[in-house]
2 protein chains.
Amino acid sequence: MIDRAERKTFILEIAQNLFAKFGLAKTTIDDIAKKARMGKASIYYYFKSKESIFQEVIDKEGRTLQDKILVAVNTEKSPQEKMQAYFITRMVALKDLINYYSALRDEYLDHYSFVTKARQSFDVFETTLISNILQEGIQSGDFKVENAALAAEAILAALKGFEFQWTIEIPAEQIETNINTLLKILFKGIEKRS
Amino acid sequence: MIDRAERKTFILEIAQNLFAKFGLAKTTIDDIAKKARMGKASIYYYFKSKESIFQEVIDKEGRTLQDKILVAVNTEKSPQEKMQAYFITRMVALKDLINYYSALRDEYLDHYSFVTKARQSFDVFETTLISNILQEGIQSGDFKVENAALAAEAILAALKGFEFQWTIEIPAEQIETNINTLLKILFKGIEKRS
DNA sequence: ATTCGACTATTTTAGTTATTTAATCGAAAA
DNA sequence: TTTTCGATTAAATAACTAAAATAGTCGAAT
C-alpha cells in the first residue's frame, strides 16, 4: 500500500491518452495494460471496471478545467477582465481536454449516468460563475444587468454556440481574437452611445 | 399535364407530415402512397426517388423559413426592431419546421449532399441578413460595431447556442421573453453607461 | 500487497439468409 | 397523351448464427 494512489494516477494518465486517441469504445483494457506494461488483471486490481476508469478520467479532466478557469478568473481584478479570462480559458482549455469535451457532446455517451452528471455539474459551475461575475460587476458599478441569472444563461448559450463552431475548426490563436470581438459586444452592446 | 405541379405539392405535403412524424428512415414510399390514396408506382411518376422527395421537403421548408424571416424583418423599420423580428421569427418558426430543423442538426443526414448544401445556404442567408441589419444600423447611426462580418458570426453562433437549448425544451411564449433579454444585452451591453 | 496466467462470461463482429422496401416496367384506364 | 396501378426486379434492412474479441474473475506466485 505504498503508492497505490500514484500507481492509479499512472494508469489513469495512460488511459487518458488512449481514450483521447481512440475513444472509449475502441480502447480496450488490454491496450491500457500493454501500454502500462502490466497484465490485464493488474488493471482490475486498481479499477473496478473500464467504465470506472473512464469516469475517473472524465472527473479528472473536469476538475482540471474548472481549476484552470477559476485560477484564471481569480487572477484578474475587474469583472470585465474576469469575464474575459473566463471566456478565453474555457475555450482554449476545452480544446485539449478531448475526453471531457466528447463526454459533454457525444450522444452515444448519454446512457452513462456519470456523463450526464458531469454535464449538469459543469453547467451549474459555469452558470454560477458567470452569474457571480455579473453580480460582482453590478455591485462594483461596472455592469448594469436586469436579470443576472437569465443573462448568465444567455451568455452560456452563446458560448456553447461558439464552442461548437470553433473548438474543432479554428486554431487556438484566432479563438482569442474572436472572443475579444464577442466580449466587446457583450460589454458595450452594438448600439451607438450618444 | 393539367396540374402536375399541384399533384406534386399534394404528395409533398403528405410526405412532409410523415417525415415530421416518423423521420426519413421510418417513412416508406408505401406509407406516402397509402396516405395519398395512390399506388406506390404513381409516386414515382412524380418523383425520382425517396431521397428527392425529402430534398424537396427540405428545400420547401427552407424557403418557408427564409420567407417568414424576410417578411418579418422587412415589416420593421428600425435596425433594432429588425434584429428583434429576426431573432424571434427564427426561433419560433424553426420549432415548426421539424424536417428542416432535423436536417440542420442530425448527423446521420450528413452524407446527403443536399442536406449539407441546405445548411451552408441557410448559414450564408443568416450571416448576410445579420450583417446587412448591422450595416444598416451603422449607417443610420443606430449601431456602432467595429467588424460587422465577425459580429454577425458571433451573433449567429449565439443564436445557435440558444436554438439547441430552447427549440426542444421551452414553450414558444417563453422564447420571446428570453430573446428580449438577449436582445437587450446585445443592444446595450452589460457595462453600466456613465 | 501486488502481479499475472489461465479461465469464464459477455459483447462485438462477420457472414448468411429471410424479409422488407425502393425502384422499374408494361399494360390499362382516364 | 397523361396518369394510375399491379406485377416484378433490385437493393437495402433485419434477423439470425457462428466465430472472434473483450470485459471481468480467480487462485497461485512473487
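Convention: sequence-line order gives letters A, B, ...; per-chain numbering from 1.
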Categorize Phe47(B) for me: base, sugar-phosphate, or nothing, with a 4.0 angstrom heavy-atom threshold over every strand shown. nothing
By the 4.0 Å heavy-atom rule, please label Thr27(B) as base, sugar-phosphate, or nothing.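 Result for Thr27(B) = sugar-phosphate.
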Check the distance between [N]'s [atom2] and [X]'s [atom1] and give it to me in whole angstrom.
X	N	atom1	atom2	value
Lys8(A)	dT2(C)	NZ	C1'	15 Å
Tyr46(A)	dA1(C)	OH	P	12 Å
Glu6(B)	dT3(D)	CD	P	12 Å
Phe54(A)	dA23(D)	CZ	P	14 Å
Ile53(B)	dA22(C)	CD1	P	9 Å
Asp30(A)	dA6(C)	CG	C1'	13 Å
Ile43(A)	dT2(C)	CD1	P	14 Å
Ile11(B)	dT4(D)	CD1	P	8 Å

Would you tell me if any nitrogen or oxygen in the side chain of [X] comes within less than 4.0 Å of OP1 or OP2 on [N]?
X	N	result
Thr28(B)	dT21(C)	no
Tyr45(A)	dT2(C)	yes
Arg7(B)	dT2(D)	no

What is the minimum heavy-atom distance between [X] and [Y], and which atoms define it?
X	Y	value
Lys77(A)	Lys82(A)	O-CE, 3.5 Å
Ala148(B)	Gln135(B)	CB-NE2, 4.0 Å
Ala15(A)	Ile32(A)	CB-CD1, 4.0 Å
Tyr86(B)	Ile133(B)	CB-CD1, 4.5 Å

Do other residues, nucleotides or ligands put more than 12 heavy atoms under 6.0 Å from Lys60(A) NZ? yes
From Phe114(A) atom CZ to Glu51(A) atom CD, the distance as rounded to the nearest 0.5 Å: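 It is 5.0 Å, given to the nearest 0.5 Å.
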Quick one: are the ring centres of Phe122(A) and Tyr100(A) less than 6.0 Å apart? yes
Pair Lys160(A) + Asp123(A), salt bridge at N-O below 4.0 Å: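 Salt bridge present between Lys160(A) and Asp123(A).
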Once the angle between the rings of Phe19(B) and Phe54(B) is folded into 0 to 90°, is it parallel (under 30°), tilted (30 to 60°) or perpendicular (over 60°)? perpendicular
Per-helix bend value, the helix from dA1(C)-dT30(D) to dA30(C)-dT1(D), C1' rotation axes over five pairs per end, 10° rounding, shows 40°
Under 4.0 Å protein heavy-atom contact, by nucleotide of nucleotides 23-30 of chain C - B base, S sugar-phosphate only: BBB-----
